[in-house]
Amino acid sequence: MTDTASRPDAQTSIPDRPSLEGLEEKWDGVWSAQQLYAFDENTTRDQVFSVDTPPPTASGSLHIGHVFGYSQADMIVRYQRMRGKNCFYPLGWDDNGLPTERRAQNYYGVRCDPSLPYDPDFTPPIEGGSNKSSKAANQIPVSRRNFIELCEQLTTLDEKSFEEVFRTLGLSVDWNHSYQTINAHSRATSQRAFLENLEAGQAYQSEAPTMWDVTYRTAVAQAEQEDRERDAAYHRIRFTRPDGSPVIIETTRPELLPACVALVAHPEDERYQDLFGTTVTSPLFGVEVPVKAHPLAQADKGAGIAMICTFGDSTDVIWWRELELPTRSVVGRDGRFLPEAPWITSPEGQAAYAELAGLTVFSAQKRVVEMVTESGDLDGEPKKITHPVKFYENGDKPLEYVTSRQWYLTNGGRDSSEGGLRDALIARGSELTWHPAYMESRYRNWVEGLSGDWLISRQRFYGVPFPVWYAVGADGETDYDTVITPDVADLPIDPTIDVPKGFTEEQRGQAGGFVADPDILDTWATSSLSPQLAGGWNSDPELFEKVYPMDLRPQGHDIIRTWLFSTIVRSHLQQDALPWKHASINGWILDPDRKKMSKSKGNVVTPIGLLQQHGSDGVRYWAGRARQGVDTAFDEGQMKIGRRLAIKILNASKFALGFGEAPADPAGRLAADPAVVTDPLDRALLAQLADVIDQATTAFEDMDYARALEVTEPFFWAFCDDYIELVKERAHGNSPAGEAGAASARAALAIALEVLLRLFAPVVVFATEEVWSWWRGGSVHTQAWPVSAPLREAAQGQDAALVDSVAQAAIVVRRIKSDAKVSQKTPILAVTVVAPEAALAHLEAASADLTALGRIEKLELVTGEGEEISTRDVELGEPPVKQPRDKG
RNA sequence: GGGUCGUUAGCUCAGUUGGUCAGAGCGUCUGGUUUACACCCAGAAGGUCGGGGGUUCGAGCCCCUCACGACCCACCA
């Protein structure tokens, strides 16, 4: 870092050739050293603007979508800061959960085996490993504690590189307030919240069929499931009535035949009336099952009569529960058929089942189909279809139903009573201000569609442990109804290491002793507490008071059903409050071919590479042009335009400041004394800028950074290309207006430039700060957002339309030379400009500047009929002699 | 099957309560080395606003309908 970087106010001269190169590093260093974005804890809630920033998953690389969303949020925060708010803008890392486990496995070539003892000297076989998933067979088994240590090591590494990118991007985050979802503070917070939920009856355990991923061997919550279209086939399979006649059912899961507990048809289906209340016998396995009636059975679907298995799908679960059927599980937690099926009694049936035991679901299906084909119980050829099948979003095998004991948290999924929890959560969604507003329907849609409470337990290793033990009875059986909890003061705990009060380690797993809950909390169960984690709910109540509920939650629309919803659930249960006032929803980044940006592409164009190539200001501009909620094409063209804008700000500022100083504003409100702004064109410019301020302010008040930029940017380009060009002769003092005219132009330039820098500051953070440092004190980012009133006063009632009239006239004058294909330097000996009445007055007021711009020697202004401004009676002079080109 | 969003110049997109709203930038073309900027400047060409109905004196803008695209949801026998 250079000396000037640490002392920005020392740099007063304007560089000869301003450049964007190196600005990111320079200003990040200054801001960091000055703690420019640090939250001031000496404050009250009404002075604070607090942000519940998404904690990025610290497992892998940042992609361009992060840069996009975080830039947009930063623009809103920077505006609020300029409005005088004390911004609480922390950033956390979601380093908890399965993605981290998977990355650690691949990065270090290990896998967790909880049965192994801790090895304090363990060194991983590889480091920096491959990005491709290494084969499980090559991974070295390590203890749970070793594994967790490696996860922690890796996330620390990843977080460092993330912070680097975010700093380069110019996020005005207060890095003093960063948090991790896996550290002790977060574990304690998460466990405390869980224990309070338990106390309040909002968390409960239940033994029930749940969706299960056989690869990861964990239960999976509804929010983590997705449908994928898969090939399947209807198999017509013959059951036998007591009289020996057949009943044909259709199924896509013939392998579940041994798990069949009943057949079911619609109560009014005439075809099956005589079957209800009787039993039929399954093929191959010879199990007698009842035939039941239930309204959920559809007469027009398949054969109109279905087999109920435990469990093939969620309808099976409903039938099983409502018809009080037995449980006959055949699929184990590893996705293979269980060794025993005791309800099958016949020797033939047992022999048939023995062929399936140990097979995967896929292989078992093949085998069953072969067997029913041989036995003649398959009616006709299977009919191929494709249908949606539930998958864990990170998994690659279909989810299976497995009956297990799991923890749940109420989320309204089982309480659709009037005024119940579901209604209350929907009302919370309406209470929230959504940007854009239509995103609320995604939330409502999701809450209305919930089919059960939130399953929060996961059978994994790296995460927040459930802070509970269970009593072990005198008979040595675990009594899950006797939950032993720790003191809140002792949190965080790991029940597999810590011992509950009143017990000793020797009693672990012993009759009369205790056992630990082996599971961890769903990662969302911790990250849903991000306002509480960042705001210090469990550690700093004073801080929490000042920042909660937060003002803003920025996030992507893909995690409305997960992060946004679960955060509302937790705040509703914990604080009986909405966690924030506003939600700003950003869109996705799409490939140029309109598909969601693929991983492989995202890796090719790394964020840091883009920031280097286009400058952070250029990339931020691209993000700033995209509206909230709208999926946006990955478009380097926009980044180039942003880069040009940043460069233009440097160059135009250098030029505008080069005419010489204007007297200071005695009132100190503007960059120069408004009293010397006497020229009508200068006043009109300030009037126009006042309108721009008002529009940009209105937009930003609605958190619409894109609209604000869209208003400011064209004004700035017109300011450069028309206004500066028009007044530059006058500003130099080469005009009949003399010194007063020059002073007016210089003052207007200074006033306008200073306002423009502040208007651009939330988006173009580096170039504006650079220019600010040339001639103003402090940082542009802690200046007040501009207000229009002083500019309107300076404009003295001058009509802003004058600027447009003169710009129009400039175009027609320039066109004369473009059409003649001569240099714009060519003098015009004489020209008559024809303009409508109103514009004519404007042109007369600015005629000196106009003749200077067009190098017009004799300008005549006349009133015309139409709306357009045009020229006639043109007499062009000789083009200037070309300078001989230096042929070095 | 239900829901949400979108369909405006070759491309990326504005167009906020229906009345200069047919726009911007990029790209293209034609010109210009103008000591702030060639990472520049000037000028020009380009669209019956997805299709079809309707409401209105008047419709990208409101209503209906269809098509296409994207996403979310749904009990997958």
Side-chain angles (χ1 to χ4, degrees), chain A residues 14 16-20 226-227 229-230 232 234-235 249-253 256 263-264 296-298 301-309 312-319 385 387-390 398 436 438-446 448-449 451 557-558 560-561 587-588 590 592 594-596 615 618 622 625-627 629-633 635 637-638 640-641 643-648 650-658 698-699 702 704 706-707 710 713-714 717 720-721 724-725 728 810-811 814-826 855 867 879-880 882-883 885-886:
Chain A
I14 302 173
D16 285 340
R17 288 190 63 83
S19 152
L20 295 180
E226 64 184 27
D227 284 344
E229 205 57 40
R230 279 292 177 274
Y234 283 124
H235 299 77
I249 59 103
E250 285 191 28
T251 179
T252 57
R253 302 281 312 260
L256 293 180
L263 299 192
V264 65
L296 227 45
Q298 293 173 30
K301 206 160 189 176
I305 186 164
M307 74 170 175
I308 304 174
C309 304
D313 62 30
S314 63
T315 321
D316 281 344
V317 176
I318 294 169
W319 283 326
I385 57 156
H387 66 169
V389 178
K390 285 255 182 278
Y438 62 75
M439 285 297 175
E440 188 196 340
S441 62
R442 296 203 183 199
Y443 173 85
R444 178 183 297 269
N445 207 312
W446 172 252
E448 285 173 349
S451 59
H557 58 59
D558 50 331
I560 288 174
R561 67 174 183 171
W588 275 346
L590 305 176
R594 314 261 30 159
K595 297 266 166 50
K596 191 187 173 188
W622 162 70
R625 287 300 305 232
R627 300 190 117 68
V630 178
D631 292 347
T632 301
D635 185 359
Q638 287 294 319
K640 288 189 179 127
I641 294 163
R643 181 181 174 80
R644 275 191 6 174
L645 172 65
I647 292 168
K648 193 74 174 180
L650 295 179
N651 282 314
S653 301
K654 176 194 164 195
F655 188 57
L657 296 171
T698 303
D702 195 29
D704 191 348
R707 177 78 186 153
E710 191 182 303
E713 192 192 2
W717 283 101
C720 293
D721 295 340
I724 293 183
E725 291 298 323
K728 69 182 181 188
I811 287 173
R814 284 163 173 161
R815 184 154 51 204
I816 293 168
K817 298 173 193 179
S818 279
D819 288 351
K821 303 194 173 178
V822 296
S823 161
Q824 292 291 330
K825 266 184 167 172
T826 308
R855 294 173 191 251
E867 293 287 302
K882 286 193 179 178
Q883 298 292 323
R885 183 182 280 247
D886 187 5

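All chains are named by letter (A, B, ...) in the order of the sequence lines, taking the proteins before the strands, and each is independently numbered beginning at 1.
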Ignoring hydrogens, what is the shortest heavy-atom contact between [X] and [Y]? Give both atom names and the distance.
| X | Y | answer |
| --- | --- | --- |
| A:M307 | A:D316 | O-OD1, 4.0 Å |
| A:G629 | A:M439 | O-CE, 3.7 Å |
| A:K648 | A:C720 | CE-CB, 3.8 Å |

Provide the distance between the two [atom1] atoms, one in [N] and one in [M], to the nearest whole Å.
| N | M | atom1 | result |
| --- | --- | --- | --- |
| B:rG15 | B:rG52 | C1' | 24 Å |
| B:rU56 | B:rC64 | C1' | 16 Å |
| B:rU4 | B:rC66 | P | 14 Å |
| B:rG60 | B:rU7 | C1' | 11 Å |
| B:rC41 | B:rG10 | P | 25 Å |
| B:rA59 | B:rG19 | C1' | 10 Å |
| B:rU65 | B:rC21 | P | 31 Å |
| B:rU34 | B:rG46 | C1' | 29 Å |

What contact category does [X] fall into here, base, sugar-phosphate, or nothing, at under 4.0 angstrom with non-hydrogen atoms?
| X | answer |
| --- | --- |
| A:S818 | base |
| A:R627 | sugar-phosphate |
| A:D721 | sugar-phosphate |
| A:A297 | base |
| A:L20 | nothing |
| A:E448 | nothing |
| A:Q298 | base |
| A:K648 | base |
| A:K817 | nothing |
| A:C309 | nothing |
| A:Q824 | base |

Taking the side chain of [X] as its heavy atoms from C-beta onward, which of [options] lies nearest to it?
| X | options | answer |
| --- | --- | --- |
| A:D313 | B:rU4, B:rA77, B:rA36 | B:rA77 |
| A:Y438 | B:rC75, B:rC37, B:rU4 | B:rU4 |
| A:T315 | B:rA14, B:rC75, B:rG43 | B:rC75 |
| A:R814 | B:rC75, B:rA70, B:rA42 | B:rA42 |
| A:E725 | B:rU4, B:rC75, B:rA36 | B:rA36 |
| A:R815 | B:rA14, B:rU12, B:rG43 | B:rG43 |
| A:K825 | B:rC26, B:rU4, B:rU34 | B:rU34 |

Item to complete: Let me see the working for A:I14 and A:L657 under side chain to side chain contact (heavy atoms under 4.5 Å, CB included), right down to the final yes or no.
Response: CA-CA 9 Å; A:I14 302 173; A:L657 296 171; 3.7 Å; yes
Please report, rounded to the nearest Å, how far the [atom2] atom of [N] is from the [atom1] atom of [X].
| X | N | atom1 | atom2 | result |
| --- | --- | --- | --- | --- |
| A:I14 | B:rU35 | CD1 | P | 19 Å |
| A:N445 | B:rC72 | CG | P | 12 Å |
| A:L657 | B:rC37 | CG | C1' | 14 Å |
| A:H387 | B:rC76 | NE2 | C1' | 6 Å |
| A:W717 | B:rC40 | CH2 | C1' | 9 Å |
| A:I724 | B:rC40 | CD1 | P | 15 Å |
| A:W588 | B:rC5 | CH2 | C1' | 13 Å |
| A:L256 | B:rA77 | CG | P | 13 Å |

Worksheet item: Below 4.0 angstrom from OP1 or OP2 of B:rC26, is there any side-chain N or O of A:R644?
Response: yes
Fill in: Nearest-nucleotide 5' precedence on RNA chain B, A:M439 against A:F655
A:M439
Practice prompt. Please tell me which of A:S653 and A:K390 maps to the more 5' nucleotide of RNA chain B, matching each residue to the nucleotide holding its nearest heavy atom.
Written response: A:S653
Discussion item. By the rule that syn is within 90° of 0, classify the base conformation of B:rG52 as syn or anti.
Written reply: anti
Worksheet item: When you check the glycosidic angle of B:rG46, does it come out syn, meaning within 90° of 0, or anti?
Response: syn
Discussion item. Looking at A:K817 and A:T826, would you say the former's side chain and the latter's main chain have a donor-acceptor pair under 3.5 Å?
Written reply: yes
Worksheet item: With no hydrogens and no angle check, is any side-chain donor or acceptor of A:K654 less than 3.5 Å from a backbone partner on A:D16?
Response: yes
For [N], give the paired nucleotide (Watson-Crick: N1-N3 plus N6-O4 or O6-N4; G-U: N1-O2 and O6-N3; both under 3.5 Å), or none.
| N | value |
| --- | --- |
| B:rG1 | B:rC73 |
| B:rA67 | B:rU7 |
| B:rU55 | none |
| B:rC13 | B:rG23 |
| B:rA45 | none |

Worksheet item: Residues two or more places apart in sequence or in another chain: which of them pass salt bridge (Lys or Arg N to Asp or Glu O under 4.0 Å) with A:R230?
Response: none
Worksheet item: So does A:E710 pair up with A:R627, basic N to acidic O under 4.0 Å?
Response: yes
Worksheet item: Are A:T251 and A:Y234 close enough that some pair of their side-chain heavy atoms sits under 4.5 Å apart?
Response: no
